[in-house]
Amino acid sequence: MVIVWRYVLRLGALVVGVAGAVLTLAAPAQAAFATEMSGLPARFTAGDQVRTISAVVSQTDRRGGCAKVRWSMVLRVQGIRLDQVKMDRVEETGDFPLEIRTEGDVARLTDRQLDPGTLCPGRTVTARYRVAFDKDVTQGRVTLAAEAYDADLRLLARQTATRSVVGAGVRPTGSPTPSATPAEPSDPPSEAVEESAPAEEPVADGPVDVAPPAAGAGRPVSQTGGFGVVQAAFLLGGLLLSLGVGLLLRLRHLTRAATAVEDDPPVDRLWERQATVDPWRPARR
């Protein structure tokens, strides 16, 4: 009996320890990140005009640690060609080396090395890009998606923005309505709507818009929806906890059964009548 309860206690401690370890390992994945883009004009003007845009990633979870960041910018064009767009990454020391991959109307510009800054709670990391369009461009649309990855190429956060591109001295007749797919522009809205900032759109259906080319597909960390690391960790912890509770209940049932067997007489002896001595039996002479 004592040995059985020892095994029960050991098993319970093992299950609790494994569940705690799983939840502890899953805690860093709960750190939340956010990316913002600034410096974007209401629309780009082709020609010699060069715009500088910035992408800033921040860590909203104060309990998280510090991490290095690798930036990747996805550029999608519509109505213009990729060779009519010039884009490079700059730092305080000058141009930042990039690895560029193109396919169709999509190009990905990924840092060849980690950003000089370090992402920590209360400290951001910024990437700056210079964008210019060839003077032959008359009208089109460009979608920019800034993606921040950690040193292991796990996607921390992304931000997208779509802007129209017009030629120098050309008055735009309308701006295509942003959509989640690179479909043909719909009916042009009014000029008042055109002046407002276009809505952000995800860039998720391009053949190159998957992950930095340095190490294949990225593993998203803070994307909303889907089945992520946190959900998997909690599911594993719940399964282990359920397994431990089931084993404890099973062992408790077995110990109770063993105790009942020890206390009760065997079944084949339940109907045996014990011999009694007759007090009135005559004595022998």
Trainee: At their closest point, which heavy atom of Gly167 faces which heavy atom of Ala46, and how far apart are they?
Mentor: CA-CB, 4.0 Å
Trainee: Which pairs with one or both residues in residues 61-110 pass disulfide (SG to SG under 2.5 Å), sequence neighbours excluded?
Mentor: Cys66-Cys120
Trainee: Rounded to the nearest 0.5 Å, how far apart are CZ of Arg51 and OG1 of Thr45?
Mentor: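 Here the interatomic distance stands at 6.5 Å.
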Trainee: Looking only at heavy atoms, what is the nearest atom pair of Gly140 and Ile80, with distance?
Mentor: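 Closest pair (atom of Gly140, atom of Ile80, distance): CA-CG2, 4.2 Å.
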Trainee: To the nearest 0.5 Å, how far apart are CG in Asp105 and CG in Leu75?
Mentor: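 If I round to the nearest 0.5 Å, the distance is 9.5 Å.
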Trainee: In terms of heavy-atom contacts, does CD of Gln84 have more than 12 from other residues, nucleotides or ligands at under 6.0 Å?
Mentor: yes
Trainee: Taking only residues two or more places apart in sequence or in another chain, which ones pass side-chain hydrogen bond (donor to acceptor under 3.5 Å, both in side chains) with Glu91?
Mentor: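 Arg89.
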Trainee: Contact between Val142 and Val85 at the side-chain level, heavy atoms closer than 4.5 Å - yes or no?
Mentor: no
Trainee: For Asp134, what residues pass the salt bridge (Lys or Arg N to Asp or Glu O under 4.0 Å) criterion, not counting sequence neighbours?
Mentor: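 Checked Asp134 against salt bridge (Lys or Arg N to Asp or Glu O under 4.0 Å); zero matches.
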Trainee: Indicate yes or no for a side-chain donor-acceptor contact from Thr35 to the backbone of Gln159 under 3.5 Å, with no hydrogens or angles considered.
Mentor: no
Trainee: For Ile100, enumerate each residue passing the side chain to side chain contact (heavy atoms under 4.5 Å, CB included) test, keeping only those at least two apart in sequence or located in another chain.
Mentor: Leu98, Thr102, Leu109
Trainee: Backbone N or O of Asp111 within a donor-acceptor pair of the Arg70 side chain at under 3.5 Å?
Mentor: yes
Trainee: For Thr124, check side chain to side chain contact (heavy atoms under 4.5 Å, CB included) against everything at least two apart and list the hits.
Mentor: Val56, Ser58, Thr126
Trainee: Once ring-ring contact (aromatic ring centres under 6.0 Å, His included) is applied, do any residues pair with Phe44, and if so which ones, sequence neighbours excluded?
Mentor: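 ring-ring contact (aromatic ring centres under 6.0 Å, His included) list for Phe44, sorted by chain: Phe133.
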Trainee: Closest heavy-atom contact between Arg108 and Ser72?
Mentor: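 Arg108 and Ser72 have their closest heavy atoms at NH1-OG, 2.6 Å.
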Trainee: Please find the pair of heavy atoms, one from Pro121 and one from Gly65, that lie closest to each other, and give the distance.
Mentor: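 So the minimum-distance heavy-atom pair works out to CD-O, 3.8 Å.
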Trainee: So do Arg141 and Gln78 actually touch side chain to side chain, heavy atoms under 4.5 Å?
Mentor: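 Side-chain contact under 4.5 Å: yes.
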Trainee: Is the side chain of Asp150 donor-acceptor paired with the backbone N or O of Asp152 at a distance under 3.5 Å, no angle test?
Mentor: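 Yes; judged by distance alone, with no hydrogens or angles, the pair exists.
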Trainee: Is there a side-chain contact between Leu144 and Met87 in this structure, where contact means two heavy atoms from C-beta onward sitting under 4.5 Å apart?
Mentor: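 A side-chain contact exists here, since the closest heavy-atom pair is under 4.5 Å.
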Trainee: Would you mind listing every ring pair (Phe, Tyr, Trp, His ring centres under 6.0 Å) that reaches into residues 107-128, with sequence neighbours excluded?
Mentor: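 Residue pairs passing ring pair (Phe, Tyr, Trp, His ring centres under 6.0 Å), neighbours aside: none found.
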Trainee: Do you know which two heavy atoms are closest between Val57 and Leu119, and how far apart they sit?
Mentor: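 Heavy atoms only, the tightest pair is O-CD1, 3.6 Å.
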Trainee: For Asp88, check side-chain hydrogen bond (donor to acceptor under 3.5 Å, both in side chains) against everything at least two apart and list the hits.
Mentor: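 Arg130.
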Trainee: Where is the tightest heavy-atom contact between Gly104 and Leu82, given as atom of each residue plus distance?
Mentor: O-CD1, 3.4 Å
Trainee: Holding to side chain to side chain contact (heavy atoms under 4.5 Å, CB included), I want the full list of residues that pass it with Lys68, two or more places apart in sequence or in another chain.
Mentor: Leu114, Thr118
Trainee: What's the spacing between Met73 CE and Ile53 CD1 if we round to 0.5 Å?
Mentor: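 Taking CE in Met73 and CD1 in Ile53, the distance rounds to 4.5 Å.
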Trainee: Going by ring pair (Phe, Tyr, Trp, His ring centres under 6.0 Å), name the pairs with one or both residues in residues 71-130, residues two or more places apart or in two chains.
Mentor: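 Output for this query is empty, none listed.
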